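In what follows, a structure is listed as structure tokens, so that the remarks can point back to it.
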Amino acid sequence: MKHRPIGIFDSGLGGLTVVKAIQKELPREKLVYFGDTARIPYGTKGPETIIHYARQIVRFLLKREKVKAVVVACNTSSAWALKALRKEFNIPILGVIEPGAYAAVEATRNGKIGVIGTEGTVYSGAYPEAIRRLKPSLKVVARACPLFVPLVEEGKLSGPLAEAVAREYLKPLLKAGIDTLLLGCTHYPLLKRTLSKVSGPRVRIVDSADETARSLHRNLEIHGVQLNGHGGVTYYVSDLSRKFKEQAQRFLGRHIQKVEKIFIENY
Ligand code: DGL
């Protein structure tokens, strides 16, 4: 079992930031990444669709790669589909919500946390719930930022446009006095510099990638960590567009040499 790879999936390529964190934490593990590039964005879709997509992807990862565990790198999928996946599949399935909530609870000093994410993630209430489960006394202000994903996809990570959008979205959170901003979306870590400029030096910005990798490590200690493997990642996507290379480079910080396109509706 421990020689099998770990599956990681996202609605697109944003989840590659989680791949990077997992590679740092567990360098010997073989990873398989699936990016649902044909069906992105997930953030604007309803729960039934998100659950249906997630099931297809986990079925694919099990059938094709016999993964020993799955990390749901997408926040929207983690928010809506985790429960259904855990019920249906008999392997460890981890999301990014709980690790992200933990990181935010650890970071806050004044007990006021801001959470930003897609419409789906914010509407689900999953982050405030997870934070309050850890510490009921904390105040959480959540806000959907639907323009951030297209901004990042277009490579507009900084400059007047990104700053204007960030200022508009963060206004109510800053007004509420948050000292911690939790990035509840795969794409937002790329906007970190802009978000930090807009929110000022008193606000700590946290994302879930590193904490998710640590939580995966703890989970695998029970089920078997790979100690003598050579690592490596196999990449699959559901659509291969002209922009793939540029976007993969943006999220991963290096080029992807080989990627296979899968017709995910078959699973
Ligand atoms: N991966 C999604 C998330 O983390 C963002 C992109 C999308 O809307 O699909 O919520």
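For ligands, and for the atoms within them, numbers begin at 1 and follow the listed sequence. No experiment lies behind these values; they were computed from the predicted model shown.
Atoms of ligand 1 found under 4.0 Å from any heavy atom of Tyr42 (numbered from 1 in listed order, with element): 7 (C), 8 (O), 9 (O). Which parts of ligand 1 touch Gly43 is read off a 4.0 Å heavy-atom cut-off, strictly below it: atoms 7 (C), 8 (O), 9 (O). Each of the following atoms of ligand 1 lies closer than 4.0 Å to a heavy atom of Ile40: 9 (O). The ligand atoms of ligand 1 that sit less than 4.0 angstrom from a heavy atom of Cys185 are 3 (C), 4 (O), 5 (C).
A salt bridge links Glu29 with Lys68: the distance from a Lys NZ or Arg NE/NH1/NH2 to an Asp or Glu carboxylate oxygen falls below 4.0 Å. Looking at Arg133 and Glu98, a side-chain N of the basic residue comes within less than 4.0 Å of a carboxylate O on the acidic one, giving a salt bridge. Taking 4.0 Å as the cut-off between side-chain N and carboxylate O, Glu163 and Arg193 do not count as a salt-bridged pair. A salt bridge does not link Lys83 with Glu88: every distance from a Lys NZ or Arg NE/NH1/NH2 to an Asp or Glu carboxylate oxygen is 4.0 Å or more.
Here the protein heavy atom with the shortest distance to atom 10 (O) of ligand 1 is Thr76 OG1, 2.6 Å. Considering only non-hydrogen protein atoms, atom 6 (C) of ligand 1 sits nearest to Ser11 OG, 3.5 Å.
For Tyr42 and Tyr53, the ring centers sit closer than 6.0 Å to each other.
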| message | Does Phe89 form a side chain to side chain contact (heavy atoms under 4.5 Å, CB included) with Val70? I'd like the steps, not just the answer. | response | CA-CA 10 Å; Phe89 301 99; Val70 169; over 6 Å; no
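Geometrically, ligand 1 and Asp10 share a nitrogen or oxygen pair separated by less than 3.5 Å. The shortest N/O to N/O separation between Val149 and ligand 1 does not fall below 3.5 Å. Polar contact with ligand 1: absent for His187 (N/O pair, distance under 3.5 Å).
Note that Arg143 lies outside the cation-pi zone of Tyr169, set by a 6.0 Å cut-off to the ring centre and a 45° limit from the axis.
For Thr118, every heavy-atom contact with ligand 1 shorter than 4.0 Å involves the side chain, none the backbone.
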